[in-house]
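Here the structure comes first, spelled out in structure tokens, and everything after it is commentary.
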Amino acid sequence: MFIPDSFKKMTNPRLTTGALLRYLRENTSEKAILQVAGIKTIDSKTDDSSTAMKRYRLMLSDGKSTFSSCMLGTQMNKLIETNSLKENSIVRIDRVMVNIIDKQNGRVMLMIHELEVVQSDCELIGQPAALPLTDIINNGSSINRIEATENSPVAVPATTNVIRQGSKAISTLDDRNNTKNSNNDNNRFASKSSNALDKERIVEIDTLNPYMNKWTIKARVSNKGQIRNYQNARGPGKLFSCDLVDQSGEIRATAFNADCDKFYPLLEVGGIYYIARASLKPANRQFNTLKSDYEMTWNHDTCIEACNADDGQNIPQVQFNFIPICEIANRPVNNTCDTIGVVKSTSDIQTIVSKASQKEFNKRELLLVDEKASIAVTLWGQQAEEFNGSSNPVLALKGVKIGDFGGRSLSCFNSTLICLEPSDTPRTAELRAWYDAEGKSMDLPDLSKGSDGGNRQASFKTLSQATNDGTGTSDKPDYINVKGICTLIKKESVVYMMCPEERCGKKVIDENNGTYRCEKCNKSYTNFKWAYMVSAEITDNTGSQWINVFHHEAETLLGITAEEFGKHKLNVNISY
DNA sequence: CCCCCCCC
């Protein structure tokens, strides 16, 4: 935004007087203009320095009062680090939540989830004074009012009335009246007596750890797995897992056996729930790439209560941790990841018979591309049957398994979240624009055809080292870097006629009647593509080695495209 | 406490 200097000097944006107290009373919808009266750095409490994240605490001023316990969401750290947000900056608070730590002692925090810097440089406006503690604790505080009513000796059988009387301010309490769950009031009594589900003490998912003894989260179910049976040394069992998300982060939760049966029917994908009293343990990174360092197990103690959807508008639908497709080359096989790309092509449904179970499974294969690389993705069963990629949609995958077929490939679990045109990431628009402009006609390195996209981590070797250490002699491919010169190129077979079908790659047979037969597709085509397969010799100071060079690399080596080379070859053949 | 998604 352009603001003339003269304007900056003459007028200060008017601050929203009284907004801080309104926020603290949970009237958080207003987008107040406030001034940053102070910034403090808070060291992260986590033990693991690799995941430590700097946090900033702001003292905000509304011109009349200041409040100093305002936590800045970490995604806005860069505003401070780039010096855009600094002392005395004027900001607009776009999304804020109240976090009550200890209401009796006025320990309340404002969590700033979204803000915009309206004016970076400014001088302190007015002479604001710290908001008195009594104002925070008393004086119309809806929190206290409800507490007082509930403790009142007057018997009030219908709790819903009590809550309505209280205030609309605590939307979480108000919502309980509106939830569809008929057991809700009963649950609430039970919760109150056992002190299990304390909605006045909501913590954010990213603060959860196994050493906290009492917490409640308010989270959306972003993904829910099927009930699965298993058998191990301890006998049979069953379980289901689901992924929980809030503004701060995401965590996986699992319930076993009786708890599985109890909670499975209560939870819906997209629903928002209060959850308290579950156990936490370190996340198993082979199967869980959610942001939390921990995962949750629901047990007989766990309390779960539905929350009205209207009260969860600021809870995201899902959080993705995308890695670029080329980065999948560096990830261990059998791990899971999140990635996003454009569906460049889609196969028909195919049926395979599982070796283990002798059962038939339907599958569909996609080619997923981003700006640097492509990879094959397999969908199974219902996910395969329902998928339609004909419009080349942007596809996000969360929790997809990394396989090593053809180098690297992806295979969806039942629990993989398959999201078409995800609206909550800027990548969707970026990929769309890139694909429509140039991506659709680009021939990118395919990780499922042994290509590494220039990104695979491989060591440098001399040719004699590679020969002597058995490189390339096992069942699985090895990847090395070699520095040498190209000493010979075999001129006989440089290009071949390739099947025009995307992802096929098979050599076609010229039927000499204008059609070209692909044995793999079992189909004849009226066209084909020229493709490189160059046999060359490379030499370094320790020896020589024949190599095959394909696609991009061959194009780089020879300086023209396979298509151009093929046309020349055709002309030469015809003229002789 | 599971950790499985199948085939080339």
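A, B, ... follow the sequence lines: proteins, then strands. Residue 1 opens every chain.
Contact annotation for Asn232(A): backbone-only contact, meaning every heavy-atom pair under 4.0 Å involves sugar-phosphate atoms and none involves a base. When heavy atoms are screened at a 4.0 angstrom cut-off, Glu360(A) is found touching no nucleic acid atom at all. Using a 4.0 Å heavy-atom cutoff across all strands shown, Lys363(A) reaches at least one base atom of the nucleic acid.
Considering only side-chain atoms of Phe413(A), the nucleotide from dC4(B), dC7(B), dC2(B) that sits closest is dC4(B). In this structure, of dC6(B), dC2(B), dC4(B), it is dC2(B) that holds the atom nearest to the side chain of Ser241(A). With distances taken from any side-chain atom of Leu239(A) to the nucleotides dC7(B), dC2(B), dC4(B), the minimum falls on dC2(B). Of the listed nucleotides (dC8(B), dC2(B), dC7(B)), dC2(B) has the atom at the smallest distance from the side chain of Tyr230(A). Taking every side-chain heavy atom of Arg228(A) into account, dC4(B) is the closest of dC6(B), dC4(B), dC7(B).
Taking Lys359(A) as the reference, Ser357(A), Phe361(A) meet the side chain to side chain contact (heavy atoms under 4.5 Å, CB included) condition, with sequence neighbours excluded.
Gln350(A) places its CD atom 9 Å from the C1' atom of dC7(B), with the value rounded to the nearest Å. Regarding Glu519(A), its CD atom lies at a distance of 20 Å from the P atom of dC8(B), rounded to whole Å. Atom P of nucleotide dC2(B) and atom CZ of Phe256(A) are separated by 6 Å, given to the nearest angstrom. Spacing between atom CZ of Arg252(A) and atom P of dC4(B) amounts to 14 Å, rounded to whole angstrom units. When the C1' atom of dC7(B) is taken as reference, atom CD of Gln358(A) falls 12 Å away, rounded to whole Å.
Annotation for Gln358(A) and Lys355(A): closest pair NE2-O, 3.0 Å, computed over non-hydrogen atoms. Residues Ala562(A) and Trp530(A) share a closest heavy-atom pair of O-CB, 3.3 Å.
The shortest distance between the side-chain N/O atoms of Lys401(A) and the OP1/OP2 oxygens of dC5(B) is below 4.0 Å. Checking the phosphate oxygens (OP1, OP2) of dC7(B), no side-chain nitrogen or oxygen of Thr351(A) falls inside 4.0 Å.
Residue side chain Glu295(A) reaches the base of dC3(B) through a donor-acceptor N/O pair under 3.5 Å, judged by distance alone.
Contacts with DNA chain B (heavy atom under 4.0 Å) in residues 377-388 of chain A: Thr378(A), Trp380(A), listed by number.
A distance cut-off of 5.5 Å between ring centres, combined with a plane angle under 30°, places Phe405(A) in a stacking arrangement with the base of dC8(B).
In this structure, the side chain of Lys569(A) does not engage the main chain of Phe565(A) through any donor-acceptor pair within 3.5 Å. Side-chain atoms of Ser222(A) never come within 3.5 Å of backbone atoms of Val318(A) as a donor-acceptor pair (strictly under, hydrogens ignored). Panel note: side chain Gln286(A), backbone Asn335(A); no donor-acceptor pair is recorded below 3.5 Å. Remark: side-chain polar atoms of Arg220(A) are paired, donor with acceptor, to backbone N or O of Gly270(A) under 3.5 angstrom.
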